[in-house]
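Numbering of ligands and ligand atoms starts at 1, following listing order. Computed from a predicted model, the values in this text were never measured in an experiment.
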Amino acid sequence: MFQTLADLSAAGTTLGVRVDINSPLEDGELADDSRVRAHLETLSELLDRGARVAVLAHQGRPGGDEFATLASHAARLDELLDAPVDYCDATFTAAARERVDALENGECVVLENTRFYSEEYMEFDPETAADTFLVRELAPALDAFVNDAFAAAHRSQPSLVGFPVRVPGYAGRVMEQELEVLGSIESTTTPRVYALGGAKIVDSLDVARSVLERGFADHVIVSGIVGNAFLLADGVQLGAASAHVVNERSDRAVKRAGDLLDEFGSRIHLPRDVAVERDGERVELDLGALPSQNAAMDIGAKTIAAYGEFLDEAGTAICNGPAGVFEDERFATGTRELYEAATHSGYSIVGGGDTAAALRRLGVEGFDHVSTGGGAALRMLTGEPLPAVEVLRANRHSA
Ligand SMILES: Nc1ncnc2c1ncn2[C@@H]1O[C@H](COP(=O)(O)OP(=O)(O)OP(=O)(O)O)[C@@H](O)[C@H]1O
Ligand SMILES: O=C(O)[C@H](O)COP(=O)(O)O
């Protein structure tokens with residue numbers, strides 16, 4: 001197991017709290033604050049208990065268009081939290097340590113984007129991560145480390161795995177709740193239906209193989225680009241445009257999907273119709289009416305109805321990845337109706353940053369658990385260990 005906030009004597013202690021507030025931006029400013037809001041429970045609890053909180057987080061990837069400072073994240077936290085929240089444009093320098101040292105009980109400072117520092121975007125084992133400048137220079141200013149960043153827990157990067165080597169490590173409330181839900185799926189009510197969609201074909205194929213081999217999945221229903229890969233594997237002539245969208249992401253996806261169909265075909269269900277653009281409109285085509293010059297952008301009504309029956313009857317529905325290009329209203333139907341049906345199952349779980357954003361945009365509510373993680377949630381669903389969790393479990397320092 002690992003230590004949680006219940007094991008932490010917070011009053012008067014200086015804590016490094018790693019969160020995942022990696023968010024969509026518009027003109028460098030926060031465009032969606034759902035991940036910031038997800039961490040309010042942990043941050044409020046620690047500040048109310050009199051801790052001095054230094055927030056660590058990343059935003060975007062070096063060179064990416066969402067690579068930015070955390071100034072707007074700090075401003076939003078200051079609006080949302082009762083406690084005073086400051087921003088420091090350094091992460092581990094003397095200036096950062098002085099700012100952390102100056103915290104009073106119940107105060108918070110958001111340190112600068114950890115990925116402004118090159119070693120943070122590399123992967124290390126925890127002991128090596130503990131010797132990076134970021135961890136070596138900042139850890140002396142901390143009494144303990146709290147990791148609440150479930151959505152980044154699959155990254156073995158210094159700010160996620162290095163600190164528990166040097167100071168006591170604890171799981172935050174988001175981390176604790178995500179691990180509790182996603183770590184116990186094998187004990188949920190059957191039949192279990194996994195709805196895998198979106199664009200992360202390789203991750204989704206990994207999840208599909210894992211849950212089918214382990215007998216966790218009674219049914220796997222596929223949509224999105226993932227569904228198109230399976231249709232191609234099943235010999236459906238989608239057309240060159242759809243095939244390009246699949247193959248540009250993974251040139252082995254169709255082969256791997258075909259292997260899964262050979263081994264587990266009775267439990268894998270494929271779209272029966274797709275939606276394409278024709279003269280600017282949404283047009284639904286049965287598989288027999290394919291190939292189409294335009295790419296398949298959504299699942300069609302027949303597929304939605306068939307999948308809806310699986311989901312209505314499901315004891316547990318686990319969903320990741322939109323069913324179509326939900327950003328375009330013409331192709332949002334599959335995601336809206338499929339995920340609406342998933343909420344009618346006995347217990348519904350959804351993972352994925354884009355998926356969660358899709359549900360908010362489409363007004364789909366009612367999921368029992370909305371994970372903050374995309375890749376991390378998928379990794380959990382494959383039963384793979386998460387580096388940032390394993391280092392907490394190692395529990396190198398007593399409570
Ligand atoms: N048929 C399709 N053709 C092209 N793109 C599609 C199709 N279906 C879904 N998508 C795209 O998939 C993207 C989301 O897929 P992804 O797998 O990244 O979701 P996610 O796991 O929720 O995201 P995150 O990585 O933020 O966790 C959306 O941008 C959507 O437009
Ligand atoms: O948004 C996410 O999936 C997490 O913040 C991890 O981000 P990364 O894929 O850039 O490491």
Side-chain angles (χ1 to χ4, degrees), residues 18-25 32 34-36 38-39 57-67 73 113-115 120-123 148-157 159-160 195-205 207 222-232 238-239 241-246 248-250 271 274-277 282 292 294-300 303 319-335 338-339 350-362 370-379 381 386-388:
R18 180 53 156 106
V19 295
D20 188 333
I21 49 180
N22 184 27
S23 306
L25 303 179
D32 176 298
S34 50
R35 275 185 164 173
V36 173
H39 293 288
H58 72 277
Q59 172 59 46
R61 297 177 176 180
D65 56 11
E66 299 206 318
F67 194 50
H73 304 66
N113 185 347
T114 55
R115 288 188 178 171
E120 172 69 353
Y121 204 50
M122 300 166 72
E123 301 240 329
D148 211 29
F150 169 78
H154 55 314
R155 305 296 188 210
S156 193
Q157 294 167 346
S159 71
L160 289 153
L196 301 176
K200 287 197 183 73
I201 302 177
V202 173
D203 287 339
S204 297
L205 288 168
V207 171
V222 294
S223 62
I225 300 177
V226 178
N228 291 347
F230 275 92
L231 285 172
L232 292 169
L238 282 173
S242 294
H244 174 71
V245 170
V246 169
E248 71 176 349
R249 278 169 174 73
S250 164
V274 297
V276 301
E277 179 179 2
R282 173 192 176 96
S292 161
N294 294 338
M297 307 277 273
D298 194 9
I299 54 177
T303 305
C319 309
N320 177 272
V325 184
F326 72 92
E327 299 92 340
D328 179 331
E329 183 51 38
R330 296 171 299 171
F331 303 106
T333 310
T335 303
L338 198 63
Y339 278 56
V350 61
D354 283 359
T355 307
L359 299 183
R360 281 191 300 280
R361 179 185 180 132
L362 301 174
V370 180
S371 173
T372 57
L378 285 170
R379 180 80 67 90
L381 294 176
L386 298 177

A.B. asks: Can you confirm, on distance only, whether ligand 1 has an N/O atom lying under 3.5 Å from any N/O atom belonging to Glu327?
C.D. replies: yes
A.B. asks: What's the spacing between Thr372 OG1 and Asp20 CG if we round to 0.5 Å?
C.D. replies: 6.5 Å
A.B. asks: Give the contacting part of Arg35 toward ligand 2: side chain, backbone, both or neither, where contact means a heavy-atom distance below 4.0 Å.
C.D. replies: side chain
A.B. asks: Quick one: does Ala199 get an N or O within less than 3.5 Å of an N or O on ligand 1?
C.D. replies: yes
A.B. asks: Which heavy atom of the protein is the closest neighbour of atom 5 (O) of ligand 2, given with residue, atom name and distance?
C.D. replies: Asp20 OD2, 2.7 Å
A.B. asks: Could an N or O of ligand 2 be found under 3.5 Å from any N or O of Tyr121, whether backbone or side chain?
C.D. replies: no
A.B. asks: Please list, in number order, the atoms of ligand 1 under 4.0 Å from a heavy atom of Lys200.
C.D. replies: 17 (O), 18 (O), 20 (P), 21 (O), 23 (O), 24 (P), 25 (O), 27 (O)
A.B. asks: Is any side-chain N of the basic residue among Arg282 and Asp328 closer than 4.0 Å to the acidic one's carboxylate O?
C.D. replies: no
A.B. asks: If the cut-off is 4.0 Å to any non-hydrogen atom of Arg155, which atoms of ligand 2 fall inside it?
C.D. replies: 8 (P), 9 (O), 11 (O)
A.B. asks: May I ask you to check if ligand 1 and Gly198 share an N or O to N or O distance below 3.5 Å?
C.D. replies: no
A.B. asks: Does ligand 2 have an atom under 4.0 Å from some heavy atom of Gln157?
C.D. replies: no
A.B. asks: At a 4.0 Å threshold, what atoms of ligand 2 neighbour a non-hydrogen atom of Ala151?
C.D. replies: 4 (C), 6 (C)
A.B. asks: If the cut-off is 4.0 Å to any non-hydrogen atom of Met297, which atoms of ligand 1 fall inside it?
C.D. replies: 1 (N)
A.B. asks: Just checking, is any N or O donor in the side chain of Arg18 or Ser159 under 3.5 Å from an acceptor N or O on the other one?
C.D. replies: yes
A.B. asks: Thinking salt bridges, do Glu277 and Arg330 make one under a 4.0 Å N-O criterion?
C.D. replies: yes
A.B. asks: With respect to atom 19 (O) of ligand 1, which of Pro322, Ala295, Ala377, Gly374 exhibits the smallest heavy-atom separation?
C.D. replies: Pro322
A.B. asks: Nearest to atom 7 (O) of ligand 2 by heavy atom, His58, Glu66, Gln59: which?
C.D. replies: His58
A.B. asks: Could you tell me if any non-hydrogen atom of Gly375 lies under 4.0 Å from any atom of ligand 2?
C.D. replies: no
A.B. asks: Would you say Arg115 has any N or O atom under 3.5 Å from an N or O of ligand 2, going by distance alone?
C.D. replies: yes
A.B. asks: At what distance is the nearest protein heavy atom to atom 7 (C) of ligand 1, and which residue and atom is it?
C.D. replies: Ile225 CG1, 3.6 Å
A.B. asks: Have a look at Asn22, Thr355, Val226 and point out the one with the heavy atom closest to atom 20 (P) of ligand 1.
C.D. replies: Thr355
A.B. asks: I need the single residue from Gln157, Gln59, Glu120 that forms a side chain to side chain donor-acceptor pair (under 3.5 Å) with Arg115. Which is it?
C.D. replies: Gln157
A.B. asks: Which of the atoms in ligand 1, numbered in the order shown and given with their element, are less than 4.0 Å from a heavy-atom of Asn320?
C.D. replies: 21 (O)
A.B. asks: If you measure every N or O of Arg61 against every N or O of ligand 2, does any of those distances drop under 3.5 Å?
C.D. replies: yes
